[in-house]
Novice: 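Shown below is the structure under consideration.
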Amino acid sequence: MDRIIFHVDLDCFFAAVEILDHPEYKGFPVITGADPKKGKGRGVVTTCSYEAREFGLHSGMPISKAYHLCPHGIYVKSNFGRIREISSQVMKILDKYSPVFQQVGSDEAYLDMSEIAIDMNHANEIAKKIKDEVQSEVGITCSIGVAFTKSLAKIGSDCNKPNGITIINPDNYKTILSPLKITRIPGIGKKSKIYYEKHGFQLIGDFLKIPKHKMIAKFGDRGRWIYNLINGLEERKVHDSSYFYHRKSISKERTFYEDTDDYQEILSKITDLNDKIHDILEKKGILYRTISLKIRFKGYETYLRSKSFTSAIRNKQKALEVVLDLYQEFFKKKKKIRLIGLKFSNLKETVKTNQKKILDYVKNV
DNA sequence: TCTGGGGTCCTAGGACCC
DNA sequence: TCTGGGGTCCTAGGACCC
């Protein structure tokens, strides 16, 4: 029996939240992300409204370029408190529709509807209901992909944006997928696009023509992965794991407003990042075994250096010593620095934290 | 045009052990 | 004198996602 999986994706979520809080922005190009500083700003576009997309803007674009393409746009800094609030309102609604619910980031979720929807028609009805409820209760729109695997549902939610539903079933998946660019496959980005295009593959349809054994012979494990994904053979489950989710690393990084080689400025940034991460680690009762330093020089040349301990610790002073030790190698380079980052990994939760998690879980069941 | 910040996962070489 | 094979851990780099 085929599964029925929903992928719900909030339409240009960060921009939608701004428009919700400022109705006067509606109908205008709204861009969230870094401060454009009249075209001299650093950073990128997080999201933008469809009106802004008309000017060629998209998420990830350098904010300076966006400003040149659309100087009269409404540029705003995201209000992360509101983002969290609106996101949790939506997720609460989605969670009601299925016991198997998996949130991804602040604006996406998967629902396994196999036990709830009778067939694809019924699934379509439920998807409409979800869309209506999110719009009337929260005031924003979403797009939903309905399919028999997670990846196909995800591809589906992107097919009818904004505010649309796409149904992908074993009878129509080839027709829907064939004309799409290979970058619509989640996991194929900029680099893979270039690689596969060199081999003559531009559209998903080009892959669909190739039998499994040839995909494997040509591209190895990657080939097998693509074949299974686009033919709906993927078995990844929607995992309802929000309560026992263990984060694998915690990091903070900052790009300087201007590249710098001022040791005092760099030292104070490192100290600041280290303090902030330790505040979080203490609050969450987390220990770490590995510390990493990331340095990006002027011109974008990037390096990572890390050091592991034999047992897990949490010691702000010791961490700072380790980081400064890792930094020595770069100090000699006498080059201006663009970005500094700290990362703590190989995390261990303390017994106390685990007990608290279990208690919270029991309370919620 | 000039590239944020928070993550995850994968690969590949070298050290080390049996 | 010219050296196996398997497993695991550490480190560095990179692709990708939201």
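Not measured: the values here are computed from a predicted model. Below, chains carry the letters A, B, ... as their sequence lines are ordered, and counting in each starts from 1.
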Novice: At under 4.0 Å, does any side-chain N or O of Arg254(A) touch on OP1 or OP2 of dG4(B)?
Specialist: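 False: Arg254(A) side-chain N/O out of range (4.0 Å or more) of dG4(B) OP1/OP2.
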Novice: Can you give one letter per nucleotide of nucleotides 9-18 of chain B, going 5' to 3': B for a protein heavy atom under 4.0 Å from the base, S for sugar-phosphate only, - for none?
Specialist: S---------
Novice: Over 60° means perpendicular and under 30° means parallel, so classify the ring planes of Tyr173(A) and Phe148(A), tilted if in between.
Specialist: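 Perpendicular, since the angle between the ring planes exceeds 60°.
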Novice: Where along residues 295-316 of chain A does a heavy atom come under 4.0 Å from DNA chain C, residue by residue in number order?
Specialist: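 Correct list: Tyr303(A), Leu304(A), Arg305(A), Ser306(A), Lys307(A), Ser308(A).
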Novice: Pick one: which of Asn163(A), Asp11(A), Val17(A), Val90(A) meets side-chain contact (heavy atoms from CB on, under 4.5 Å) with Ile140(A)?
Specialist: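 That would be Val90(A).
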Novice: Just to verify, what does Lys128(A) make a side-chain hydrogen bond (donor to acceptor under 3.5 Å, both in side chains) with, not counting sequence neighbours?
Specialist: none
Novice: Do Thr260(A) and Asp262(A) have side-chain N/O donor and acceptor atoms under 3.5 Å apart?
Specialist: no
Novice: Does Gln103(A) reach the main-chain N or O of Gly105(A) with its side chain, forming a donor-acceptor pair under 3.5 Å?
Specialist: yes
Novice: Mind pulling the stems DNA chain B is in, i.e. runs of at least three Watson-Crick or G-U pairs, everything under 3.5 Å?
Specialist: B:5-18 with C:5-18
Novice: If the condition is salt bridge (charged side-chain N to carboxylate O under 4.0 Å, His left out), which residues does Lys96(A) pass it with, not counting sequence neighbours?
Specialist: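 Partners of Lys96(A) by the salt bridge (charged side-chain N to carboxylate O under 4.0 Å, His left out) criterion, ordered by chain and then number, come out as Glu133(A).
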Novice: Roughly, in whole Å, what's the span from CD1 in Ile280(A) to C1' in dG5(B)?
Specialist: 13 Å
Novice: Expected output is a numbered-order residue list: members of residues 178-199 of chain A with a heavy atom under 4.0 Å from any atom of DNA chain C. What is it?
Specialist: Ile185(A), Pro186(A), Gly187(A), Ile188(A), Gly189(A), Lys190(A), Lys191(A), Ser192(A)
Novice: With sequence neighbours left out, what residues match Asp221(A) under salt bridge (charged side-chain N to carboxylate O under 4.0 Å, His left out)?
Specialist: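 For Asp221(A), the residues satisfying salt bridge (charged side-chain N to carboxylate O under 4.0 Å, His left out) (neighbours in sequence not counted) are Arg224(A).
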Novice: So which pairs with a foot in residues 101-110 of chain A pass salt bridge (Lys or Arg N to Asp or Glu O under 4.0 Å), sequence neighbours left out?
Specialist: Glu108(A)-Lys154(A)
Novice: What's the closest nucleotide to the Thr255(A) side chain, out of dT8(B), dT1(B), dG4(B)?
Specialist: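 Of dT8(B), dT1(B), dG4(B), dG4(B) is nearest to the side chain of Thr255(A).
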Novice: Roughly how far, to the nearest 0.5 Å, is OG1 of Thr47(A) from NE2 of His58(A)?
Specialist: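 Output value for this atom pair is 13.0 Å.
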Novice: Of the nucleotides dT8(B), dG4(B), dC2(B), which one has an atom closest to the side chain of Ser249(A)?
Specialist: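 Looking only at side-chain atoms, Ser249(A) lies closest to dT8(B).
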Novice: Mind checking salt bridge (charged side-chain N to carboxylate O under 4.0 Å, His left out) for Arg184(A) and listing every partner two or more places apart, or none if nothing turns up?
Specialist: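 If we apply the salt bridge (charged side-chain N to carboxylate O under 4.0 Å, His left out) test to Arg184(A), skipping adjacent residues, the hits are Asp158(A).
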Novice: Applying a 4.0 Å non-hydrogen cut-off, can you work out what Lys294(A) is touching in the nucleic acid: base, sugar-phosphate, or nothing?
Specialist: nothing
Novice: What residues, two or more places apart in sequence or in another chain, satisfy salt bridge (charged side-chain N to carboxylate O under 4.0 Å, His left out) together with Glu137(A)?
Specialist: none
Novice: Which pairs pass salt bridge (Lys or Arg N to Asp or Glu O under 4.0 Å) with one or both residues in residues 14-25 of chain A, sequence neighbours excluded?
Specialist: Asp21(A)-Arg82(A)
Novice: Roughly, in whole Å, what's the span from CG in Leu339(A) to P in dC2(B)?
Specialist: 18 Å
Novice: Does a side-chain N or O from Arg338(A) land closer than 4.0 Å to OP1 or OP2 of dT3(B), or not?
Specialist: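 For dT3(B), OP1/OP2 do have a side-chain N/O of Arg338(A) under 4.0 Å.
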Novice: In the hydrophobic cluster built from side-chain contacts under 4.5 Å, what are the other members alongside Tyr25(A)?
Specialist: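 Taking Ile, Leu, Val, Met, Phe, Trp and Tyr as members, Tyr25(A) shares its hydrophobic cluster with Ile19(A), Phe28(A), Val30(A), Ile74(A), Val76(A).
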